[in-house]
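Single-structure report; data block below.
What you are looking at is a predicted structure, and each value in this text was computed from that prediction instead of being measured.
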2 protein chains.
Amino acid sequence: MIQHTDLSQPIYIRLKEMIRNGELKQGEKIIQEKIAEKLGVSRTPLMKALLALENEYLVESVPRRGMFIRSLDQKEIIDIYVCREAIEGMAARVLAIKKSPLIVKELKDCFAPFISQDYIDIDAYAKADENFHSLLIRLTNNAPLDKIYFFSNIHDKVTGHGLVRPPEDTLEEHFRIINAIEAGDPAEAEKQIRLHINKSKELLINQYNIDKSE
Amino acid sequence: MIQHTDLSQPIYIRLKEMIRNGELKQGEKIIQEKIAEKLGVSRTPLMKALLALENEYLVESVPRRGMFIRSLDQKEIIDIYVCREAIEGMAARVLAIKKSPLIVKELKDCFAPFISQDYIDIDAYAKADENFHSLLIRLTNNAPLDKIYFFSNIHDKVTGHGLVRPPEDTLEEHFRIINAIEAGDPAEAEKQIRLHINKSKELLINQYNIDKSE
DNA sequence: TATTACATATTTGTATACAAAATACAATAC
DNA sequence: GTATTGTATTTTGTATACAAATATGTAATA
């Protein structure tokens with residue numbers, strides 16, 4: 001049966017979901033025939049979807065042995081944070097140069113529901129956080145930059161819920177970034193977002209070191 | 001017939017070459033059957049190679065209509081330079097932190113043949129240049145960073161030969177970058193490589209503006 | 001002559017078949 | 001009991017067949 005728009009697309013989305021919710025576990029081997037049957041498709045479009053996921057660092061292929069759900073070790077997670085510093089730093093810079101009120105508004109809207117609240121729902125904040133960071137990239141209107149920013153997928157793989165640090169710490173940081181963008185200060189915007197990402201990175205590094213020494 | 005290591009690998013390399021040397025032209029539609037026959041393989045491994053190229057921005061897929069050799073417009077080229085500023089900037093920073101004499105040596109070796117020469121061979125220098133920039137990334141030993149740096153392919157698509165500016169201008173800049181890395185000055189290393197990339201970018205922008213007004 | 005409608009040819013997307021490699025497992029030797 | 005070999009099974013990589021969609025060409029009409 002042939003549908004109008006390419007089967008590999010929905011398969012890709014479905015697989016991503018399955019990886020996210022743990023239906024497919026870290027390090028697990030993907031037995032193509034099995035997954036294909038489960039999804040009710042053949043191996044051909046499944047392969048297409050898997051290759052797309054491989055390029056997003058979610059799946060790892062070992063020639064002649066199979067495809068595996070990628071499991072990130074600590075070094076790789078830190079390395080990804082370094083990449084994020086570079087990419088998001090540049091994004092903040094670009095947005096500050098644009099200095100568009102519309103952009104600033106969109107960014108502010110992400111966190112509007114959390115301002116001066118007694119209680120912040122972690123899940124809602126985690127979503128807002130993820131949304132903010134990918135929005136930042138998207139608003140640059142730089143397609144190649146968007147293309148290389150596929151780490152948001154991995155983001156909540158690092159921690160259970162998707163947050164490394166509590167909202168009390170990060171909410172203010174987010175607004176420092178937005179304010180620098182609003183002020184049209186590229187260097188400051190870049191600096192603030194790097195600080196923001198770097199703090200989470202350092203926290204992770206410390207956690208890993210503690211794990212090790214135990 | 002089945003070979004030991006996956007047919008799509010050599011196909012991928014071959015296609016990249018064909019794009020590079022113009023055997024496959026910008027915007028050209030890839031008729032899978034034709035290319036497959038030409039390369040003596042079936043569509044299946046060809047598709048795998050094409051999907052890999054799509055993820056590197058070299059091929060563009062339009063569902064149900066086919067795959068095309070991507071043609072970059074001026075905005076995209078500029079956007080790629082912005083990405084390079086971000087990625088290579090971070091790479092230089094990381095290397096400056098590492099402060100390894102071995103790394104410094106490798107980087108210096110790239111341009112050693114060109115120091116205080118009366119005549120510099122453009123092709124040789126272009127190769128050294130490309131090598132230097134990808135080496136910079138590779139030496140960080142940051143796999144995700146490496147993964148998102150696939151613009152070197154596109155590099156010489158921008159100009160005919162792969163150089164935007166003459167060696168007289170860039171040789172010194174390259175050594176400014178290397179010296180900052182050697183000195184263990186991350187901020188300076190990042191600044192210098194950004195300047196370096198930015199100058200080429202600005203030149204391209206000016207050229208495009210001239211083209212337009214003519 | 002330009003435009004639409006239809007028939008035909010191409011080409012993509014998908015499923016499937018099959019060969020070769022990898023893996024699992026049992027039987028044998030040590 | 002462990003190691004080793006040989007055999008059966010599973011799984012990947014590739015080719016191929018076929019259906020559905022798109023592109024092409026031709027004739028009929030305005």
Side-chain angles (χ1 to χ4, degrees), chain A residues 1-19 22-71 147, chain B residues 1-19 22-71 147:
Chain A
M1 194 223 297
I2 289 180
Q3 305 222 357
H4 199 271
T5 81
D6 195 333
L7 265 182
S8 71
Q9 201 89 25
I11 296 174
Y12 163 84
I13 292 169
R14 184 73 219 291
L15 286 175
K16 222 163 167 174
E17 218 178 77
M18 288 169 80
I19 295 172
E23 230 176 310
L24 291 169
K25 286 182 218 76
Q26 310 259 346
E28 183 176 335
K29 182 174 178 189
I30 292 160
I31 293 163
Q32 294 172 20
E33 202 79 54
K34 285 233 176 79
I35 305 283
E37 197 187 16
K38 191 170 176 178
L39 300 182
V41 296
S42 79
R43 280 169 56 208
T44 314
L46 172 64
M47 197 58 193
K48 256 175 119 170
L50 286 172
L51 287 168
L53 291 169
E54 191 194 356
N55 282 294
E56 290 186 14
Y57 232 66
L58 285 169
V59 161
E60 199 179 358
S61 164
V62 183
R64 269 280 162 214
R65 321 215 53 202
M67 313 267 276
F68 302 81
I69 304 300
R70 189 183 264 279
S71 62
K147 195 166 183 63
Chain B
M1 194 224 296
I2 289 181
Q3 303 224 356
H4 200 272
T5 82
D6 196 333
L7 265 182
S8 70
Q9 203 89 25
I11 296 173
Y12 163 84
I13 293 167
R14 186 74 219 290
L15 285 175
K16 221 162 167 174
E17 218 177 80
M18 288 169 80
I19 294 171
E23 226 175 311
L24 291 169
K25 285 181 220 76
Q26 311 258 347
E28 182 176 337
K29 182 175 178 189
I30 293 159
I31 293 163
Q32 294 171 20
E33 201 79 55
K34 286 234 177 78
I35 305 282
E37 195 188 18
K38 191 170 176 179
L39 302 181
V41 295
S42 79
R43 279 169 59 209
T44 315
L46 172 64
M47 197 59 191
K48 258 174 117 170
L50 286 172
L51 287 169
L53 291 170
E54 191 193 357
N55 282 295
E56 290 186 14
Y57 233 67
L58 284 169
V59 160
E60 199 179 359
S61 164
V62 183
R64 272 275 163 220
R65 321 217 49 204
M67 314 267 277
F68 302 81
I69 306 300
R70 189 184 265 279
S71 63
K147 195 165 183 62

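Between the C1' atom of dT14(D) and the CD atom of Q9(B) lies a distance of 16 Å, rounded to the nearest Å. The separation between E37(A) atom CD and dA15(C) atom P is 13 Å, rounded to whole Å. Whole-Å rounding puts the I31(B) CD1 to dA23(D) P distance at 11 Å. With rounding to whole Å, I35(A) atom CD1 is found 10 Å from dT12(D) atom P. When the P atom of dT9(D) is taken as reference, atom NZ of K34(A) falls 16 Å away, rounded to whole Å. In this structure, the CZ atom of R43(A) is 16 Å from the C1' atom of dG13(C), given to the nearest Å. One interatomic measurement links the two molecules: CG of L46(B) to C1' of dT12(C), which rounds to 12 Å at whole-angstrom precision. Rounded to whole angstrom, the span from the CD atom of E33(A) across to the C1' atom of dA17(C) amounts to 11 Å.
The shortest distance between the side-chain N/O atoms of S42(A) and the OP1/OP2 oxygens of dA15(C) is below 4.0 Å.
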**OP:** Give the intermediate values and the outcome of side chain to side chain contact (heavy atoms under 4.5 Å, CB included) for residues K38(B) and M18(B).
**Re:** CA-CA 12 Å; K38(B) 191 170 176 179; M18(B) 288 169 80; 4.0 Å; yes

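Along DNA chain C, the nucleotide nearest P45(A) and the nucleotide nearest G66(B) are compared for position; the residue whose nucleotide lies closer to the 5' end is G66(B).
Here the shortest heavy-atom pairing between S71(B) and G27(B) reads CB-N, 4.1 Å. The two residues Q26(B) and R70(B) have their closest heavy-atom pair at OE1-O, 3.3 Å.
The side chain of K48(B) sits closest to dG13(D) out of dT16(C), dG13(D), dT12(C). Distances from the side chain of L7(B) to the nucleotides dA15(C), dT14(D), dT11(D) place dT14(D) closest.
I30(B) comes within 4.0 angstrom of the backbone, heavy atoms only, and of no base.
Residues meeting the side-chain contact (heavy atoms from CB on, under 4.5 Å) test with Y12(A), sequence neighbours left out: K16(A), A49(A), A52(A), L53(A), E56(A). Listed by chain and number, the residues in a side-chain contact (heavy atoms from CB on, under 4.5 Å) with E33(B) are R43(B) (sequence neighbours excluded). Residues satisfying the side chain to side chain donor-acceptor pair (under 3.5 Å) criterion with R65(B), sequence neighbours excluded, are absent altogether. In this structure S8(B) satisfies the side chain to side chain donor-acceptor pair (under 3.5 Å) test together with D6(B), sequence neighbours excluded.
Here the straight-line distance linking atom CD1 of I69(B) with atom CD1 of I30(B) works out to 3.5 Å at 0.5 Å rounding. Separating the CD1 atom in I11(A) from the CG atom in L50(A) is a distance of 8.5 Å, to the nearest 0.5 Å.
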Protein N or O to nucleotides 23-25 of chain C N or O, pairs below 3.5 Å:
from, atom 1, to, atom 2, distance (Å)
dT23(C), OP1, R65(A), NE, 2.9
dT23(C), OP1, R65(A), NH2, 2.5
dT23(C), OP2, R65(A), NH2, 2.4

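With a 3.5 Å limit on both pairing distances and Watson-Crick or G-U wobble geometry required, the stems of 3 or more pairs in DNA chain D span C:1-30 with D:1-30.
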